[in-house]
Amino acid sequence: MEYNFREIESDWRKYWAENKTFRAEDNSDKPKYYVLDMFPYPSGAGLHVGHPLGYIASDIYARYKRHKGFNVLHPMGYDSFGLPAEQYAIQTGQHPAVTTEENVTRYRQQLDQIGFSFDWDREVRTSNPEYYKWTQWIFKQLFDCWYNNDSDKAERISVLEERFAQEGNETVNAVHDCEITFSASEWKEFSEKEQRAILMNYRLTYLADSWVNWCPALGTVLANDEVINGLSERGGHPVEQKLMRQWSMRIKAYAERLLTGLEGIDWSDSIKEQQRNWIGKSVGCSVKFQVSDADSAIEVFTTRPDTIFGVSFLVLAPEHPLVDSLTTDEYKEEVEAYKKAASLKTERDRQSDVKNITGQFTGGYAKHPFTGEKVAIWIGDYVLASYGTGAVMAVPCGDQRDWDFANHFGIPIKNIFSDIDISQAAYTEKEGVIADSDFLSGLDVKAAMAKAIEEIEKQGIGKGKTNYRLRDAVFSRQRFWGEPFPVYYKDDVPYMVEDNQLPVELPKVDAYLPTEDGEPPLARAKREDWNVFEGERMEFNTMPGWAGSSWYFLRYMDPKNDGEFVAKEKADYWQNVDLYIGGSEHATGHLLYARFWTKFLYDMGYISFDEPFKKLINQGMILGRSSFVYRDKETGKFVSVSKKDDFDTIALHVDINLVDNDRLDIEAFKKSRPDYANAEFILEEDGTYVCGHEVEKMSKSKFNVQTPDELVEKFGADTLRMYEMFLGPLEQAKPWDTKGINGVHNFLRKLWRLFHNGQGELEVVDQQPQPEALKTLHKTIKKVTEDLERYSFNTPVSAFMIAVNELTDQKCNNKAVLGDLLVLLAPFGPHIAEELWKKLGYTTSIAYAQWPEFKEEFLVENSFDYPVSFNGKMRFKIALPTDMGKEDVEKTVLASEQAQKYLEGNQPKKVIVVPGRIVNIVM
RNA sequence: GCGGGUGUGGUGAAAUUGGUAGACACGCUAGACUUAGGAUCUAGUGCUUCACGGCGUGGGGGUUCGAGUCCCUCCACCCGCACCA
């Protein structure tokens, strides 16, 4: 019987589904292991070969862990809220839920044919009301909490209210935006509305007027991680700054913990570094500069308090609130003009205009806090309103931007560094000796910093401070297809919907566009269209894409629980994700938000771990290999690649399905489009048309999309799985190339033949294995096990090929050896492994067969492989027991016949021994 | 500018703690066989040389009996961040 993968694979998939082979138990004596993929957004395009790459790797690992005796949780679901379904809805009027349902069905079909061992009973979809009920509930928890810096965790807002009532807010060490201070009695005097407005400044999710990234083309605001170089991540539309009343998440509260938490998790340096960058911690201090002719003071943030005597001017952001009051009449016009020009610049303009130095003197002066000298106050758009205090003290001798600014405007530069020349550039190194600086003179930079902060604090003009670049995350989207907020308004004050009324479901709307007044689509819903309606109106915004994905890994533990987002005992059993696989594009988005929410839920005692993903692997992107034909502009003929330079041609993408090994299938090409029916060609000498090629991102428009479906049809799922792994290291980006897939397919055929005789009948013997077969087997056990333990998925495939080649040469058909080999192979090619396993006479699925144990004794022989003369050295490759010490190896080798012959009675100069390996004898 | 990563045959890539570089596979060459299957089998395939040999892991230098691997330095490419005070 031939290797009939089609029949085998569909049979086994049916068997697994019917028997729920991969169901994870919530209670088990076995140790748990949680393997998770980043769940996909079910787009209309379906899966291409790049999507399953990570899923295959995680599936291999999950199956491996089952063989190793773990109770494995390996679920899958859909991040099913999102923009494309909504855009489609706007165009066609079809409800996004319908589109989403269709796409999910298609995804499921495609996923199913690859033979994944998901526990589908635990599937989650973020757009299901039973799911987003709990997204809304978590939002409510965040609303009901504030961050206490003293206990360094989130606490209930009721605790805060009590403290306000007892001591006011001055003694409360919270992360907040509250600009006023009040006493206990004042607090009690406030109306409820006033109290709620104040509390809003403390809540972990809050409604406030904030400067947000507004994308007119998408008609919604975006979070910072959704904006790349001033353009929207989706669609690449321009983004502008706009002041809007929006919900935000006070992620800043967790900045320090998000930073330190990175140390304990096993993620790649590059992702950790990206998160560190994004959080952007800088340690320094704040300093107040008294404005000369006014009562006000300008507070600046600096990381170099040691250079305070080098200050020669201050620069404020054009948006700084004090600018207007500082500006003298003389400069009013120029300052206004500058402010206007700055406000017209988009984020993108400002970034691309970095080298252009601009600024404007305000006419105002401040007093240097130590020298009392006059310090000119400028405005400049290189100072960002949103970072620090929106004002900087400029030290041209120690900061290149300040140096450039001073030189450009002819401001004198004071040098406070000993023996450093600053005539050509600023001295930005954080080492050296400070000079000409009163009490700091003679100190090195480090000591001067400490001393400066001490002095600043003593004088009460500032204090040591840590700043983070991380901004609070905007949480509202003016879209339809997202989670509704569990929020209603009464007297324009937001209130939360009661728990027992959740979920607030998406209401029916007549169109998915914003209203004429520019309100979000939900504003179209009538009162009766809402399943919950309270107060004067409901919240019209919806939550962003990352809301549902920030906690979904918890829901898999207890997907059907209607009373809690996850039962405590289930979360305690499963703990955090042991292995998480997905793309690196979520570094500063999903991966950061999920960590934030996990830490919050931990603070609240709902879960007992504060990092969601222990080990993270980022699979590389699979790129497409596009094919091109070259059309002569003059004649319209298609010119083969080697001759294209003789003509004036344009390159056209050609569907890769019409191309095999760069050779164009001319007949199929002619049929592919009516206007190609009479195409003429200029061919190669051998009469074929050879296409050009290029590596690009896989996309429909480039005709370079390879779907897994066709490959499964042609070669089977096992071949596809193993080939995707064989392609190269998981984490590396690589172009898709189907060329080598035959090699993997042939390997599986060869494996099949190993079990069968020439007539195609099963032929295995159940007796004592040959030593050489055992050697091959145990070599493979060692290799595959070690490789999987270090998450290497490509190298085991080669090991299998070597094993099968060797066993074929040995004509091995030993049941015990082949059985163990099948277990090793099962994670990679589960269908063929199951089939052959059954043929060997086993009645239960191979999925839980015990992983074979490596035994060194089968590899070791007490003999010298060969001695070689090597540049005056005698080299032995030996295989000796590893427990034999270096000295014993040396003695044994020297005593050997071969060595004696080489030495001819002389003493060796040196003997170098690597145990279990090689011995060099130097004469 | 800062940070992270990668450089190995025609191609994808292997290579424990430094220990025969190029395993395995694709492709290619020659041959065998056939029940034409994306078959199978045999031999070859880093460069160079008729050969002996020599040279080879981006370039240069170093440590070592021995370096793809460790150290220094330079180069190229990729990714992330970037007037962040």
Side-chain angles (χ1 to χ4, degrees), chain A residues 2 228-229 268-278 280-282 284 300-304 307 314-315 317 350-351 353-358 380-384 386-395 398-402 404-405 428 467-471 584-585 587-588 618 620-621 660-661 714-715 723 726-729 731-735 737-747 749-750 753 782-783 786-787 790 792 794-805 865-866 868 870-873 875 877 909-923:
Chain A
E2 264 294 293
I228 294 166
N229 290 331
S268 73
D269 289 339
S270 119
I271 295 277
K272 284 188 183 183
E273 199 52 36
Q274 280 182 57
Q275 293 210 345
R276 282 193 199 106
N277 249 322
W278 191 257
K281 179 179 182 174
S282 51
V300 302
F301 173 74
T302 179
T303 56
R304 296 294 304 273
T307 63
L314 300 182
V315 188
R350 260 167 98 145
Q351 279 172 11
D353 216 17
V354 170
K355 281 174 209 93
N356 209 351
I357 299 162
T358 65
D381 68 2
Y382 82 92
V383 177
L384 305 173
S386 54
Y387 183 77
T389 59
V392 302
M393 58 177 219
V395 183
D399 183 291
Q400 193 56 45
R401 291 155 306 167
D402 298 345
D404 292 340
F405 195 87
T428 56
N467 240 315
Y468 299 92
R469 194 150 60 208
L470 183 72
R471 324 248 177 103
S584 59
E585 66 273 19
T588 53
N618 301 112
M621 204 194 328
D660 189 14
N661 212 358
K714 269 186 193 163
F715 301 102
Y723 183 59
F726 186 66
L727 224 42
E731 298 182 74
Q732 208 166 86
K734 51 212 159 224
D737 191 340
T738 315
K739 261 196 222 152
I741 199 166
N742 279 328
V744 172
H745 190 64
N746 291 342
F747 153 73
R749 296 166 58 98
K750 223 168 182 173
R753 260 182 275 129
K782 186 171 196 274
K783 176 80 180 146
E786 284 176 359
D787 286 350
R790 62 187 174 102
S792 173
N794 54 331
T795 45
V797 181
S798 296
F800 293 132
M801 291 179 176
I802 295 168
V804 168
N805 285 345
D865 272 18
Y866 56 92
V868 201
F870 184 71
N871 287 355
K873 281 168 244 164
R875 165 176 287 204
K877 184 181 181 187
K909 205 186 273 173
K910 204 167 186 179
V911 180
I912 299 131
V913 178
V914 181
R917 287 194 163 271
I918 283 167
V919 179
N920 287 322
I921 301 172
V922 184
M923 293 300 289

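Lettering follows sequence order; numbering is per chain, from 1.
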Nearest whole Å is fine: how far is B:rA23 P from A:Lys782 NZ? 20 Å
Mind checking what makes salt bridge (Lys or Arg N to Asp or Glu O under 4.0 Å) contact with A:Lys782, not counting sequence neighbours? A:Glu786
With sequence neighbours left out, what residues match A:Glu731 under side chain to side chain donor-acceptor pair (under 3.5 Å)? none
A:Asn467 CG - B:rC84 P separation (whole Å): 13 Å
Rounded C1' spacing from B:rG10 to B:rG3 in Å: 36 Å
Indicate, with a heavy-atom threshold strictly under 4.0 Å, whether A:Asp402 touches base, sugar-phosphate, or nothing. nothing
Base orientation of B:rG9, syn vs anti, 90° cut from 0: syn
Hey, does the side chain of A:Arg276 come within less than 4.0 Å of B:rG4's phosphate (OP1/OP2), counting only N and O? no
Would you kindly give the CG-to-P distance between A:Asp404 and B:rA85, to the nearest whole Å? 16 Å
For A:Tyr723, enumerate each residue passing the side chain to side chain donor-acceptor pair (under 3.5 Å) test, keeping only those at least two apart in sequence or located in another chain. none
Using the salt bridge (Lys or Arg N to Asp or Glu O under 4.0 Å) criterion, which residues pair with A:Arg469? Sequence neighbours excluded. none
Determine the interatomic distance between P on B:rC55 and the same-named atom on B:rC33; round to the nearest Å. 44 Å
Polar atom pairs between nucleotides 9-15 of chain B and protein, under 3.5 Å, N or O only, would you list them?
residue: B:rG12; atom: O2'; partner: A:Leu727; partner atom: O; Å: 2.5
residue: B:rA13; atom: OP1; partner: A:Gln732; partner atom: OE1; Å: 2.6
residue: B:rA14; atom: OP1; partner: A:Asn794; partner atom: ND2; Å: 2.7
residue: B:rA15; atom: OP1; partner: A:Arg790; partner atom: NH2; Å: 3.0

Taking the minimum atom-to-atom distance to the side chain of A:Asn805, which one of B:rC83, B:rA25, B:rA85 wins? B:rA25
Sorted by chain and residue number, the side-chain contact (heavy atoms from CB on, under 4.5 Å) partners of A:Lys714 (sequence neighbours excluded) come out as none
Is the phosphate of B:rC79 approached by A:Ser584 (side-chain N or O, under 4.0 Å from OP1 or OP2)? no
Residues in side chain to side chain donor-acceptor pair (under 3.5 Å) contact with A:Asn467, at least two apart in sequence or another chain: none
Between protein and nucleotides 1-3 of chain B, what N or O pairs are separated by less than 3.5 Å?
residue: B:rG3; atom: O2'; partner: A:Glu273; partner atom: OE2; Å: 3.3

Could you check which of B:rA25, B:rA85, B:rC83 has an atom nearest any side-chain atom of A:Tyr382? B:rC83
Which of the following nucleotides, B:rG80, B:rA85, B:rC84, is nearest to the side chain of A:Gln274? B:rG80
Return the polar atom pairs (N/O with N/O) between nucleotides 37-44 of chain B and the protein under 3.5 Å, or none.
residue: B:rG38; atom: O2'; partner: A:Asn742; partner atom: OD1; Å: 2.2
residue: B:rG38; atom: O2'; partner: A:Asn742; partner atom: ND2; Å: 3.0
residue: B:rG38; atom: O6; partner: A:Lys714; partner atom: NZ; Å: 2.7
residue: B:rA39; atom: O2'; partner: A:Arg749; partner atom: NH2; Å: 2.8

Using a 3.5 Å limit on both pairing distances, list the dot-bracket string of RNA chain B from the 5' end; Watson-Crick and G-U wobble pairs count, crossing pairs take [ ], interstrand pairs take |. (((((((..(((......[....)))((((((.......))))))(((....)))..(((((..]....))))))))))))....
Name all residues meeting the ring-ring contact (aromatic ring centres under 6.0 Å, His included) criterion together with A:Phe715; count only those two or more places apart in sequence or in a different chain, and write none if there are none. A:His745
List for me each residue that meets salt bridge (Lys or Arg N to Asp or Glu O under 4.0 Å) alongside A:Asp787, sequence neighbours excluded, and say none if there are none. A:Lys783, A:Arg790
